[in-house]
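Bear in mind the structure is a predicted one, so any value in this text is a computation, not a measurement. Positions are given from 1 along the sequence. Start at 1 and go down the list; that is how both ligands and their atoms are numbered.
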Amino acid sequence: MAIVRIPAEEVVLREPDDVRAFLGRHTIDFEQWVPNRPLTATASADEVLQAYAPEVDALKQRGGYATADVIDVKPETPNLDAMLARFNREHWHDEDEVRFIVEGRGIFHVHPTDGPVFAIEVEAGDLIRVPRGTHHWFDLCADRRIRAIRMFMDPAGWAPHYTESGVDQGFQPVCFGPSYVAPHA
Ligand SMILES: [Fe+2]
């Protein structure tokens with residue numbers, strides 16, 4: 001279940017209703033699916049899409065998405081740092097950013113126009129839609145593992161536009177996950 005943090009307000013939201021309501025106020029759709037399809041660690045993108053075909057098809061219809069693919073990274077993925085560097089600076093897209101997390105975790109920071117930056121830590125089972133134009137950036141957690149289904153209206157519309165604001169520099173991509181121990185605990 002996703003965790004939302006608002007560092008400037010020292011707020012952490014963990015209750016599903018609170019998370020959904022908060023994100024909804026920022027026009028970010030959030031749902032939970034059950035990531036229960038048997039998949040091996042080496043399953044191909046096609047196998048992942050096939051395993052979740054009913055959900056993917058439903059989402060395509062609902063959101064008008066034309067295509068889906070799978071992002072699948074592990075610590076040993078070649079050129080992982082270069083890949084991550086494209087997305088860990090504040091940017092926006094001309095398309096919605098739609099992700100269903102099948103395995104692993106990651107952290108989106110969102111910089112709304114009318115409030116402080118907040119972080120959304122997503123994990124397996126979380127389905128998130130960040131609307132087009134939303135300023136955001138993304139990092140992996142310390143385990144550097146995520147497998148997620150992505151939806152596109154037009155993949156060409158998904159190139160990142162960087163704000164070059166430097167706002168991202170002020171936020172540590174620290175995930176709270178199950179193994180997190182608070183420094184003051
Ligand atoms: Fe993005």
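Annotation: side chain to side chain contact (heavy atoms under 4.5 Å, CB included) contacts of Thr113 (sequence neighbours excluded): none. Here Tyr65 pairs with nothing under the ring pair (Phe, Tyr, Trp, His ring centres under 6.0 Å) rule; sequence neighbours left out. Remark: Gln169 engages no residue in a side chain to side chain contact (heavy atoms under 4.5 Å, CB included) (not counting sequence neighbours).
Taking distances strictly below 2.8 Å, the protein N/O/S atoms close to the Fe ion (ligand 1) are His91 NE2, His93 NE2, Glu97 OE1, His136 NE2.
The pair Arg89-Asp168 does not count as a salt bridge, with every side-chain nitrogen at least 4.0 angstrom from each carboxylate oxygen. Salt-bridge annotation for Arg147 and Asp72: present, with a side-chain N of the basic residue lying under 4.0 Å from a carboxylate O of the acidic one.
If you check the side chains of Glu97 and His136, you find a donor sitting under 3.5 Å from an acceptor.
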